[in-house]
Amino acid sequence: GCGSNSSSSSKKDADKYYIGGIGPTTGATAIYGTAVKNGAQIAVDEINAAGGINGKQIEYRFEDDQNDAEKSVNAYNTLKDWGMQMLVGTTTTAPCIAVAGKTASDNMFQITPSASAPDVLSSGNGNIFQVCFTDPNQGIASAQYIAENKLAKKIGIIYDSSDVYSSGIEEKFEAEAKDKGLQIVSKAAFTADSKTDFGTQLQKAKDAGADLLFLPIYYQEASIILKQADTMGYKPKFFGVDGMDGILTVENFDTKLAEGVMLLTPFAADAKDKAVQNFVKTYKEKYKDTPNQFAADSYDAVYALKAAIEESKATTDMSASDMCDALKGAMTKIKMQGLTGGKDGLTWNESGEVTKSPKAVIIKNGAYKAM
Amino acid sequence: MALLEVKNLGISFGGLRAVDRFEVEIKKGQLYGLIGPNGAGKTTVFNMLTGVYKPTDGIIKLDGEDLVGKKTIEINKAGIARTFQNIRLFSQQSVLDNVKIGLHNQYKYSALTGILRLPKYHKMEKEMNEKAMELLKVFELDGKADFLASNLPYGEQRKLEIARALATNPKLLLLDEPAAGMNPNETIELMDTIRFVRDNFDMTVLLIEHDMKLVSGICEELTVLNFGQVLAQGKTKDVLNDPEVIKAYLGE
Amino acid sequence: MSFISYLINGISLGSIYAIIALGYTMVYGIAKMLNFAHGDVIMIGCYIVFVLMGSFHLNSTVSIIAAIIGCTLLGVVIEKIAYKPLRKASPLAVLITAIGVSYFLQNLALILFGADTKSFTSVVHIPSIKLAGGNLTISGVTIATVISCIVIMAALMIFIKKSKSGQAMLAVSEDKDAAQLMGVNVNKTISLTFAIGSGLAAIAGVLLCSAYPTLSPYTGAMPGIKAFTAAVFGGIGSIPGALIGGILLGVIEILGRAYISSQLSDAIVFAVLIIVLLVKPTGLLGKQVQEKV
Amino acid sequence: MKKANLKSMNKQTKSMLITYAMVIAVFIIVEVMVSTGMMSSLMQGLLVPLCIYSIVAIGLNLCVGYLGELSLGHAGFMCVGAFSSAVFSKCMMATGMNETLRFILAILIGTVVAAIFGWLIGIPVLRLRGDYLAIVTLAFGEIIKNVINVMYLGKDSKGFHFSIKDSASLNMETDGQKIIDGAKGIVGTPNQSTFVVGIIIILISLFVCFNLVNSRTGRAIMAIRDNRIAAESVGINITKYKLMAFTISAAIAGAGGVLYAHNLSTLTALPANFGYNMSIMILVFVVLGGMGSFRGSIIAAVLLTMLPEVLRGLADYRMLIYAIVLIIMMLFNWAPKAIEWREKYSIKRMFGKKAKAEEVQ
Amino acid sequence: MAMLEVKDLEVYYGMIQAIKGISFEVNQGEVIALIGANGAGKTTTLQTITGMLQAKKGHILFEGQDITKVPGHKIVTMGMAHVPEGRRVFANLSVYENLKLGAYTRKDKNEIAQSLEMVYESFPRLKERRNQSAGTLSGGEQQMLAMGRALMSKPRIILMDEPSMGLSPIFVDEIFKIIQQVSAAGTTVLLVEQNAKKALAIADRAYVLETGKIALSGDAKELMNNESIKKAYLGE
Ligand SMILES: Nc1ncnc2c1ncn2[C@@H]1O[C@H](COP(=O)(O)OP(=O)(O)OP(=O)(O)O)[C@@H](O)[C@H]1O
Ligand SMILES: Nc1ncnc2c1ncn2[C@@H]1O[C@H](COP(=O)(O)OP(=O)(O)OP(=O)(O)O)[C@@H](O)[C@H]1O
Ligand SMILES: [Mg+2]
Ligand SMILES: [Mg+2]
């Protein structure tokens with residue numbers, strides 16, 4: 001990236017848009033922050049190369065928060081000192097709520113690629129927008145999809161009770177599944193402190209006769225679950241959500257184990273879509289890695305900012321607060337395709353929630369296939 | 001009546017009968033000696049008297065009060081204080097504070113009084129300081145009140161331990177080899193100090209010692225332990241001339 | 001049936017804890033320090049195997065041996081740089097330095113290998129055993145771990161009891177100055193202890209990652225703490241205690257997760273630990289050291 | 001000899017006064033900088049966390065430095081203080097209670113609840129020694145964190161609802177408001193922690209700790225640390241004083257927790273903020289700052305909390321550098337060789353402290 | 001050539017100087033007594049010789065070789081043993097294990113077994129208690145163990161720091177006899193004692209240490225009759 005972090009002593013250049021980003025790039029959740037950081041960087045580089053927004057260049061800087069609320073606020077303040085006008089972030093939910101409290105009182109425009117809990121939006125004053133689905137939406141959509149397509153009768157759930165994202169989806173999924181007449185035969189949680197061994201949870205599901213396992217969790221844990229289920233000789237259907245995206249990119253993971261896994265995701269790295277392919281190519285070149293939905297959402301977040309700035313004609317010399325007022329209004333007017341827009345594209349309502357259609361995909365021959 | 005009355009005291013460690021049917025009576029104001037070969041069980045007797053070990057059987061009475069089964073602190077409150085064979089000072093604190101810790105139960109005020117520095121705190125602290133300095137003076141340690149206890153030479157550490165034990169205002173003082181590591185001159189000084197304490201503090205003293213000069217110099221009566229059992233008991237002179245004692249303990 | 005299956009899971013997890021705990025207990029027992037970086041040495045060992053097998057296509061045996069050598073050296077170097085200068089300082093100071101080393105190794109791995117989790121290919125090629133008509137599976141890794149545990153435990157016990165270096169370790173663990181007066185080279189002995197402990201960490205790491213096939217810079221942290229708990233549970237410093245503590249801890253964790261609450265399994269483990277320590281303040285097999293007055 | 005004694009009193013009092021003065025001076029400087037706009041947002045945002053960690057470090061120092069017991073569970077007490085006070089604030093927000101009064105009560109509640117936990121945990125735990133005590137405190141900290149993560153508490157027109165299963169089992173009316181939502185914790189606590197409040201609590205903690213350790217009680221606590229057997233032999237009630245020190249230490253940590261809860265709008269019990277890692281971090285402050293030195297604890301807490309922020313320019317290398325700096329600081333502070341070197345070249349020595357060397361003979 | 005030679009030795013504890021430039025020598029086969037009041041620096045001197053403390057200035061020569069900077073364990077291997085102040089027995093190990101550690105530098109199993117028998121003979125109590133953990137021994141028993149442990153290394157020179165401390169009168173005589181036997185068997189002895197009378201009685205020569213300096217030295221028998229020594233250290 002073009003010195004995204006090195007510009008600590010930069011004097012503010014009034015002729016540029018200042019976009020900040022926050023997320024964990026160290027600590028146990030560093031993958032998410034790194035993906036968000038890189039995804040946005042690609043978008044910024046593209047826009048700048050193409051002449052910027054309204055002819056003005058973007059200055060972009062990303063700060064680490066180690067997935068800790070307090071450090072996230074520190075990162076936010078650092079970016080404020082730097083001159084940030086808009087925030088892409090934060091990546092993870094709990095820190096995002098903390099930062100949302102600050103952006104709301106500062107009236108700083110904030111668009112989070114990935115912090116998906118409803119509390120994120122309600123902590124703001126209308127200054128906060130999400131690119132990702134909200135957790136309840138995903139839970140409901142998953143249950144509906146399973147019921148409508150009659151994928152299974154007996155469902156087992158394994159989720160991360162210490163994770164806001166996972167437990168948020170689980171809660172709504174469970175409620176919706178019951179409404180739809182699905183039978184939840186086993187529900188087992190794990191926590192951040194014990195997420196390498198799922199033998200017990202799998203055994204429970206197996207004993208209960210679950211023929212579909214719903215996994216509202218991230219792909220690292222999912223990869224272990226798949227492997228352990230295989231060792232146990234337990235072969236249910238697996239159904240995941242957007243956090244599952246990335247499973248095929250886990251280094252050294254035997255992708256055969258993921259055959260037949262279904263997931264709802266707004267983004268698939270091997271979609272035929274040209275924009276997606278371009279993005280994936282650039283990402284691979286630059287970061288020697290396949291992008292996941294975090295990267296894609298964050299890429300879209302930057303483009304959403306671009307669209308909103310163009311829509312509102314916000315100028316580089318505006319204060320963060322003025323900028324926020326301008327963009328707030330514009331966000332509900334724009335519509336963009338992005339990488340994660342699916343068939344209907346991305347639009348936002350006033351409360352900051354995104355509308356986009358989830359894609360259900362199934363893994364076949366080591367690649368996603370639309371269902 | 002005797003101040004300390006011990007009857008049929010015994011303790012075992014595994015198969016080892018370390019002390020067996022130990023008996024002693026010590027009158028108020030006495031300077032009493034407990035001697036015996038190495039490993040005879042002398043320190044163990046002290047440990048039972050102070051509640052560090054629980055005797056398997058026997059009676060310990062101080063001023064008529066039964067002490068068996070009581071905890072060390074209760075026994076200290078009841079009136080027994082001791083020093084240790086291996087010196088045990090509060091090494092990271094000043095000489096003065098070591099004695100003030102000994103005064104802990106003599107001058108009481110609550111933690112809250114201390115935190116809020118109420119008038120009572122100042123009054124008590126002042127009295128404590130005075131009392132502690134008075135005790136230190138007895139042992140000629142007043143000049144070193146400020147020193148870290150661990151920086152004192154060995155002999156003075158032993159004296160400080162005695163001062164600290166005295167600060168708890170005991171009826172009975174137990175000294176475990178107070179002269180160990182002292183040279184003959186220092187031992188003579190120590191003897192004077194022990195006598196002084198007995199006279200001026202109305203103290204009864206029971207001491208363990210291998211230095212016969214000290215034992216014959218200040219002890220009025222002796223008990224000799226051998227293999228956990230009483231070998232001889234009585235007036236110092238008689239005991240030290242007992243052929244059994246000479247054979248088992250003193251040598252020719 | 002499912003109970004037995006949980007039990008097997010528990011033993012499988014427990015034997016991993018045990019093997020880590022053996023290294024912990026060894027270092028604690030001799031050097032009297034809580035080596036909080038032990039878990040991270042494990043992680044480094046895993047990365048060595050991962051890189052050698054993945055990028056250099058070496059076979060697993062060679063990789064494991066390389067990892068053992070690598071970790072042994074790492075342990076010795078860490079000891080030299082970070083712990084040796086503090087030999088005479090408060091044990092707490094060493095504890096904090098160990099924490100510094102732990103942070104260092106984690107962040108070094110983060111920079112060298114990236115934040116993303118890697119999937120670790122099991123290096124154990126023992127086939128799993130199927131019992132009760134395929135309803136119960138004992139995986140090859142479990143078998144390998146349990147066997148390694150017992151072998152290592154026995155070897156350590158014999159080494160300490162019988163060998164000259166073992167005697168030196170006992171002496172050092174009691175009183176460094178006095179040990180020196182016996183002619184024991186204290187520095188060498190402590191280095192040796194670290195070398196052995198860290199070599200064991202490499203083995204533990206490989207088995208850990210083979211059983212739970214995921215690798216990230218933080219892979220060692222939680223197992224490290226759990227193994228520390230296991231070591232205390234069994235009586236820290238006691239080698240058979242580490243084995244028993246580890247296995248029990250694993251079994252309790254899995255049974256707690258299965259029958260009480262999967263979210264509270266750690267709380268249950270820790271609660272049991274507390275109860276055991278309250279009943280037996282030095283752990284299951286720990287020697288009750290009595291201070292003679 | 002009276003003089004000697006006075007001198008020692010003076011030394012403690014002097015150290016105490018210097019510490020108060022330092023805290024107040026920092027406060028004044030910061031206030032001036034803030035009001036003249038000379039302070040960056042980052043620094044302003046850091047002020048409250050710096051106070052929080054200083055407070056908890058002061059509390060832990062009482063336990064580690066004076067009582068001599070290694071606690072690896074102080075984050076647990078922070079956690080208890082944080083959650084109990086946050087629940088209170090959250091419940092009272094709707095009642096329109098005076099905000100200042102509410103916050104003062106919240107601080108008291110957090111402190112007292114943490115003290116109660118400290119006391120309850122202390123009773124069994126303080127029978128253990130050394131590293132066994134460390135692991136049990138660590139275990140308690142983890143249990144507290146774990147249990148809070150499965151707690152669901154809601155309030156509706158019918159009163160409070162509680163569950164340890166999930167929020168659906170709260171069975172609340174539609175007007176119900178979730179207060180603690182399991183792992184999602186508490187959202188929307190009022191942001192009332194300010195630098196001023198932080199400084200006041202630091203000063204109170206210092207006042208309590210200084211006066212405590214320089215009193216009869218404090219001497220008893222230190223006696224237990226230095227030699228338990230001797231302390232018993234002079235009639236000091238070991239359990240009582242251990243428990244007292246531990247409880248006060250926990251209470252102070254709880255007060256830090258209250259500030260933590262009211263600093264950000266979200267409160268979750270994660271490994272990062274209330275797990276053993278945090279306990280260890282605070283222990284690092286205490287040990288680095290010097291066991292027994294409250295001033296050192298504050299300085300170390302401030303330096304080490306700021307360090308990663310100052311190193312932000314180094315991007316992902318910063319935590320690596322942080323680790324290296326930590327190791328070097330530990331070696332410099334504690335290695336006997338380094339201490340000798342420092343003594344040799346310390347300025348103090350060069351001017352007139354020489355007399356002391358002779359004194360001991 | 002002297003077996004052990006100390007030249008202009010200076011030792012510090014931090015900034016505190018405990019030894020202020022002392023020199024003395026011990027010849028092969030001699031028994032040398034080092035006496036002095038509490039805090040004179042006797043222990044410090046012995047500890048510096050066996051490498052437990054580092055000298056700031058000066059030299060220590062053992063059989064002509066400069067051992068000032070040689071690590072402690074090597075000095076022991078060269079044939080020096082030290083009965084330390086405060087006994088320093090390995091508290092959680094048994095009496096037998098303690099003694100075995102005493103022979104750490106030796107290889108020949110048979111000879112070690114012989115030495116063990118000899119130690120058991122000199123200290124029957126130790127044999128009786130060979131499986132008891134050393135920490136639970138009585139003070140005097142521990143002192144015997146410390147002595148026995150040092151003898152287990154079959155040293156050519158042995159440094160003893162107050163070996164008679166805490167021993168019963170009968171055993172004090174015994175221990176001095178043992179020291180004489182050790183000496184007669186060819187081992188050189190450097191003896192620190194508070195019991196100056198007994199020490200001087202068996203010593204060949206003696207040095208008197210006062211606050212870190214050597215105040216007097218000479219033939220032991222002569223010193224015994226020296227008035228100031230009598231007054232200061234013999235309690236007469
Ligand atoms: N805790 C214990 N466990 C086992 N044996 C013990 C214990 N305490 C003391 N003994 C044994 O009991 C006997 C008496 O010991 P004690 O310390 O009372 O002797 P002592 O008379 O004080 O001897 P000394 O004069 O050498 O100090 C000794 O043989 C000792 O080994
Ligand atoms: N660890 C230490 N730190 C500081 N000073 C010390 C230390 N050890 C000893 N000293 C001081 O060094 C001096 C010499 O002590 P040393 O122990 O060598 O005396 P000693 O002649 O063996 O006395 P003793 O007869 O009491 O054993 C004393 O003044 C003592 O206070
Ligand atoms: Mg004794
Ligand atoms: Mg000495």
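Protein chains get the first letters and strands the later ones, always in sequence-line order, with residue 1 at the start of each. Remember, predicted model here, so these are calculated numbers, not experimental data.
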Measure [X] against the heavy atoms of chain C and call it side chain, backbone, both or neither at under 4.5 Å.
X	answer
Ser223(A)	neither
Tyr234(A)	neither
Lys204(A)	both
Glu221(A)	neither

*Could you please state which residues from residues 47-61 of chain C sit under 4.5 angstrom from chain A, measuring non-hydrogen atom to non-hydrogen atom, sorted by number, or 'none'?*
Phe50(C)
*When only heavy atoms count and the cut-off is under 4.5 Å, which of residues 96-111 of chain C reach chain A?*
Asn107(C), Leu110(C)
*Most chain C-contacting option - heavy-atom pairs closer than 4.5 Å, from Thr25(A), Asp160(A), Thr196(A), Thr34(A)*: Thr196(A)
*When heavy-atom pairs shorter than 4.5 Å are enumerated against chain C, which of Val250(A), Thr231(A), Asn252(A) gives the highest number?*
Asn252(A)
What part of [X] gets closer than 4.5 Å to chain A, counting heavy atoms only: side chain, backbone, both or neither?
X	result
Ala221(C)	neither
Thr117(C)	both
Tyr212(C)	both
Ser128(C)	neither
Ile254(C)	both

Side-chain donor-acceptor distances from residues 211-220 of chain A under 3.5 Å, at least two apart:
unit_1: Asp211(A); atom_1: OD1; unit_2: Lys154(A); atom_2: N; d: 3.2
unit_1: Gln220(A); atom_1: OE1; unit_2: Tyr32(A); atom_2: OH; d: 3.3

*Under 6.0 Å from the NZ atom of Lys187(A), do we count more than 12 heavy atoms belonging to anything else shown?*
yes
*When Phe294(A) is tested against each of Asp242(A), Asn38(A), Thr91(A) for side chain to side chain contact (heavy atoms under 4.5 Å, CB included), which residue passes?*
Thr91(A)
Got a salt bridge between [X] and [Y], using NZ or NE/NH1/NH2 to carboxylate O under 4.0 Å?
X	Y	result
Glu63(A)	Arg61(A)	yes
Arg257(C)	Asp197(A)	yes
Lys226(C)	Asp266(C)	yes

*asked:* Within the 4.5 Å heavy-atom criterion, are Lys227(A) and Ile224(A) side-chain neighbours or not?
replied: no
*Output the distance between atom CZ (Phe173(A)) and atom CZ (Phe239(A)), rounded to the nearest 0.5 Å.*
7.5 Å
_With a 3.5 Å distance limit and no angle check, can you tell me whether Glu259(A) reaches the backbone of Asn365(A) through a side-chain donor-acceptor pair?_
yes
Identify each donor-acceptor pair in which a side-chain atom of residues 141-148 of chain C lies under 3.5 Å from a protein atom, sequence neighbours left out, and give them as a table.
unit_1: Thr142(C); atom_1: OG1; unit_2: Ser12(C); atom_2: OG; d: 3.2
unit_1: Thr142(C); atom_1: OG1; unit_2: Ser139(C); atom_2: OG; d: 2.9
unit_1: Thr145(C); atom_1: OG1; unit_2: Val141(C); atom_2: O; d: 2.5
unit_1: Ser148(C); atom_1: OG; unit_2: Ala144(C); atom_2: O; d: 2.4

_Phe36(C) ring center within less than 6.0 Å of Phe228(C) ring center_ = yes
